[in-house]
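A short write-up of the structure that comes next.
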Amino acid sequence: MMNYAVEVRDLRVVRGGQVVLHDVSAQVEVGSVTGLLGPSGCGKSTLLRSVVGVQKVAGGSVRVLGAAAGSAALRDRIGYVTQAPSVYGDLSVMENLRYFAAVVGAPREDPERVIDAVGLGGKEGARADRLSGGQRARVSLAAALLGAPKVLVLDEPTVGLDPVLRAELWELFHRLAAAEDPVTFLISSHVMDEASRCTQLLLMREGRILAADTPAALLERTGARDVEGAFLRLVGAAA
Ligand SMILES: Nc1ncnc2c1ncn2[C@@H]1O[C@H](COP(=O)(O)OP(=O)(O)OP(=O)(O)O)[C@@H](O)[C@H]1O
């Protein structure tokens with residue numbers, strides 16, 4: 001039996017009187033770097049919010065590591081980075097991480113560990129508002145790693161970053177996912193060319209999952225040359 005970190009079944013979410021998730025079912029394998037891809041407004045953030053347990057749902061179920069999403073048992077097992085900046089600009093990298101460590105009740109030495117994990121060693125004393133966009137993104141990621149969660153949910157973590165920094169962040173996700181004690185990643189993006197960086201894909205459109213597969217299997221199945229082409233063929237087939 002497949003080992004899933006996240007299992008979504010028939011999830012229905014209504015926002016502002018509109019159904020934004022139409023009975024969505026999806027799974028995320030343990031240790032995978034799963035990309036949730038689809039155009040802006042298709043419901044990616046809503047699905048991620050449901051996985052984290054901060055979204056009111058109208059039906060269906062979401063389980064994370066075998067427990068109901070949002071339950072107390074998951075509090076220190078799941079990390080979440082939203083699109084909104086979450087670090088304090090007037091605090092240093094270390095001050096930010098000490099503050100967040102205290103909030104989540106992480107061990108005292110955890111800030112050093114996560115700074116190291118995201119490759120920010122040497123930047124501990126730098127004020128967050130003097131960092132580059134990519135470095136700030138890594139501070140947010142470091143904060144999400146405090147307490148050693150097993151599942152990380154990242155909402156468009158590479159948006160606005162240059163290609164080199166994007167590549168660095170994806171390498172970091174893979175390193176953490178391949179660790180002896182793996183972290184499972186669920187990462188949203190509206191940039192289709194990030195698909196090739198994922199081990200698994202969930203393609204989404206208008207509140208529905210169009211396909212769930214590996215990038216290679218998706219290309220083979222659709223005969224497309226890239227994931228954008230595969231997406232368009234799937235949309236055409238569904239019409
Ligand atoms: N607070 C809200 N109240 C009402 N409707 C909302 C709210 N937030 C989002 N929506 C609607 O829900 C739908 C899904 O939005 P969601 O943010 O999940 O999409 P997304 O795929 O993450 O988009 P983006 O990539 O632009 O963030 C959209 O139609 C959006 O207009």
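Just so you know, ligand 1 is whichever comes first in the structure, and atom 1 is the first atom listed for that ligand. Along the sequence shown, residues are numbered consecutively beginning with 1.
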*Tell me, which pairs form a ring-ring contact (aromatic ring centres under 6.0 Å, His included) where one or both residues lie in residues 185-228, sequence neighbours left out?*
F173-F185

_Between CG on residue L120 and CE on residue M94, distance to nearest 0.5 Å_ = 10.5 Å

*Got a sec: does the CZ of R9 have more than 12 other heavy atoms crowding it under 6.0 Å?*
no

*asked:* Using a strict threshold of under 4.0 Å (side-chain N to carboxylate O), is an ion pair present between D23 and R208?
replied: no

_Proximal protein residues to ligand 1, non-hydrogen atoms under 4.0 angstrom_ = R15, G16, V20, P39, S40, G41, C42, G43, K44, S45, T46, Q83, E156

*Pair R113 + D110, salt bridge at N-O below 4.0 Å*: yes

*Please examine the side chains of L186 and L47, heavy atoms only from C-beta on, and report whether any two atoms are closer than 4.5 Å.*
no

